[in-house]
Amino acid sequence: MISLRSLQTRTVRTVPEPEIYPLLEASNGSTHCLSERYKLRTHTRTLLKKTRPIFPADYSSESGAFPEYKNFCGFILEDPKPVDSSAGEVDLLVAVACVRSCSFDSFAEIFSMASKSRPGKLSVYLYVPNLIGYMRVLMNCFAFYISYSDKKLFSVLYFVSFVCDALDGWFARKFNQVSTFGAVLDMVTDRISTACLLVILSQVYRPGIVFLSLLALDIASHWLQMYSTFLVGKTSHKDVKDSSNWLFKAYYGNRMFMGYCCVACEVLYITLFLLAKSQNQDLTKVIMDALRQNLVLAVLLVLLLVGWAIKQAVNFIQMKTAADLCVDYDINNKQKP
């Protein structure tokens with residue numbers, strides 16, 4: 001029998017899917033019961049904590065049921081990434097240990113309780129990061145409504161909405177409320193808000209085709225990247241570890257670098273909007289005048305332009321890489337008999 005106490009102090013390797021059934025058969029457990037709850041997710045992990053019960057978050061060890069599991073927290077079912085803990089981390093072998101140390105009835109009761117803790121559709125819509133997403137949508141709607149009548153307030157609201165883009169991700173990880181809907185809401189809000197600002201800038205400056213081209217590149221690169229991500233079976237469009245382009249990997253691999261480029265791009269657009277005194281202004285003339293007038297503004301513009309240029313280069317690389325993946329997918333499918 002596997003000792004649960006011994007598992008508290010060491011890290012066990014992840015059990016791949018093909019090895020799950022033999023382990024369960026060896027432990028006299030129910031493969032059907034486990035597959036129903038786990039959906040046989042690869043690299044499913046369990047996190048050890050001394051102050052929480054083992055299975056669902058709403059299950060209390062104070063009820064007296066399964067007291068031997070009171071030092072364990074629930075299984076992490078939906079996140080295939082490792083979870084850090086000072087107590088260590090264990091994998092599906094812990095589940096096998098639980099099967100071996102209790103009867104099938106107890107095992108079935110545990111997973112029955114776990115299934116009841118599955119979040120409902122409404123609760124996902126009401127996740128904290130998703131609520132922040134709704135607030136961003138409303139904030140942007142009002143900001144663009146007053147964009148011509150109050151430029152300063154528009155700029156503040158737009159920037160606050162942009163900052164909330166980072167906050168919702170932090171809250172999603174903090175409260176374990178990561179959702180596909182939230183990720184899509186986040187990206188759609190980002191793309192639409194940036195697109196609307198670029199359309200406004202295309203009406204303020206000449207040549208307006210510059211901003212419309214940037215809009216087309218932004219949408220095309222992100223749409224292709226998302227489509228190719230799902231096509232090859234990846235879970236995140238930021239997973240570019242297999243890319244051969246160093247800039248592309250550096251952009252998505254370093255949060256600080258990506259943050260600098262994104263902030264520089266959005267702040268540059270806001271700054272250009274604030275610098276415009278009227279419509280149909282020459283873009284080059286406005287930028288050159290700003291560089292000559294104020295040293296601080298000149299340094300700021302240079303830093304923003306560098307980050308903006310890197311982000312546009314990444315957008316182009318992203319579009320080309322994603323297009324190549326789609327073409328490779330077609331070629332591989334045609335080669336199949």
Side-chain angles (χ1 to χ4, degrees), residues 80-82 158-159 161-170 172-173 178 183-184 186-198 201-202 205 207 209-272 283-284 287 291 298-332:
K81 299 178 181 178
Y158 186 91
F159 186 74
S161 174
F162 174 73
V163 172
C164 288
D165 181 27
L167 288 178
D168 60 9
W170 184 85
R173 293 184 293 272
V178 178
V184 173
D186 191 46
M187 175 170 282
V188 169
T189 304
D190 290 341
R191 302 282 66 79
I192 291 179
S193 57
T194 301
C196 290
L197 182 53
L198 287 171
L201 290 174
S202 71
Y205 288 102
I209 190 64
V210 172
F211 297 101
L212 294 179
S213 299
L214 292 173
L215 168 58
L217 176 62
D218 185 64
I219 292 179
S221 66
H222 282 86
W223 192 89
L224 273 170
Q225 179 68 3
M226 287 294 293
Y227 191 86
S228 64
T229 295
F230 292 121
L231 204 62
V232 299
K234 294 181 180 179
T235 57
S236 172
H237 71 283
K238 297 179 181 179
D239 182 3
V240 296
K241 295 177 182 178
D242 54 351
S243 174
S244 59
N245 188 281
W246 66 270
L247 181 59
F248 196 36
K249 292 173 70 174
Y251 179 81
Y252 280 116
N254 190 310
R255 283 183 175 272
M256 293 295 292
F257 181 54
M258 182 174 66
Y260 159 67
C261 295
C262 292
V263 170
C265 191
E266 297 297 332
V267 173
L268 176 64
Y269 293 153
I270 294 173
T271 303
L272 289 176
L283 176 60
T284 305
I287 293 177
L291 291 174
V299 173
L300 176 63
L301 282 175
V302 170
L303 291 174
L304 296 179
L305 284 169
V306 170
W308 168 85
I310 294 174
K311 192 173 190 310
Q312 303 318 307
V314 169
N315 278 343
F316 183 81
I317 295 170
Q318 179 172 261
M319 182 173 64
K320 178 63 170 61
T321 303
D324 288 343
L325 287 174
C326 292
V327 171
D328 289 340
Y329 180 84
D330 290 335
I331 293 174
N332 292 334

- request: Kindly compute the distance separating CD1 (Ile270) from OH (Tyr158), expressed to the nearest 0.5 Å.
  value: 6.5 Å
- prompt: Side chains of Leu197 and Phe211: does their closest heavy-atom pair fall under 4.5 Å?
  reply: no
field: From Leu283 atom CG to Leu272 atom CG, the distance as rounded to the nearest 0.5 Å
entry: 6.5 Å
message: Could you check whether any side-chain N or O of Asp218 sits under 3.5 Å from a backbone N or O of Leu214, counting only pairs where one atom can act as donor and the other as acceptor?
response: no
statement: So CD1 of Ile219 and CG of Asn315: to nearest 0.5 Å the spacing works out to 11.0 Å
message: Side chains of Tyr251 and Asn245, heavy atoms from C-beta outward: is any pair under 4.5 Å?
response: no
message: Is any side-chain heavy atom of Trp308 closer than 4.5 Å to one of Gln312?
response: yes
message: Could you check whether any side-chain heavy atom of Val210 comes within less than 4.5 Å of a side-chain heavy atom of Leu201, counting everything from C-beta outward?
response: no
Rounded distance [0.5 Å steps], CZ in Phe162 versus OH in Tyr269: 11.5 Å
- request: Taking the side chain as every heavy atom from C-beta outward, state whether Asp186 and Asp168 have any pair of such atoms under 4.5 Å apart.
  value: yes
task: Evaluate the side-chain contact (heavy atoms from CB on, under 4.5 Å) criterion for residues Thr229 and Leu325: first the C-alpha distance (whole Å), next the side-chain angles of each, then the deciding distance (0.1 Å), finally the verdict.
output: CA-CA 9 Å; Thr229 295; Leu325 287 174; over 6 Å; no
- prompt: Should we count CZ of Phe257 as having more than 12 external heavy atoms under 6.0 Å?
  reply: yes
query: CD/Glu266 to OG1/Thr271 distance, rounded to the nearest 0.5 angstrom?
result: 11.0 Å
- prompt: Does the side chain of Val299 come within less than 4.5 Å of Leu303's, by heavy atoms?
  reply: yes
query: Taking atom types as modelled and ignoring hydrogens, do the side chains of Gln318 and Tyr252 form a donor-acceptor contact shorter than 3.5 angstrom?
result: yes
query: Does the side chain of Phe159 reach to within under 4.5 Å of the side chain of Val267, using non-hydrogen atoms?
result: yes
message: Tell me whether Arg173 at atom CZ has more than 12 heavy atoms from other residues, nucleotides or ligands lying less than 6.0 Å away.
response: yes
- request: Quick one: pull up CG in Asp239 and CD in Gln225 and give me the separation to the nearest 0.5 Å.
  value: 9.5 Å
Exam field: side chain Lys311 to backbone Cys265, donor-acceptor pair closer than 3.5 Å: no
statement: For Gly307 and Tyr260 the tightest heavy-atom approach is N-OH, 3.2 Å
Side-chain heavy atoms of Leu215 within contact of Thr194, under 4.5 Å: no
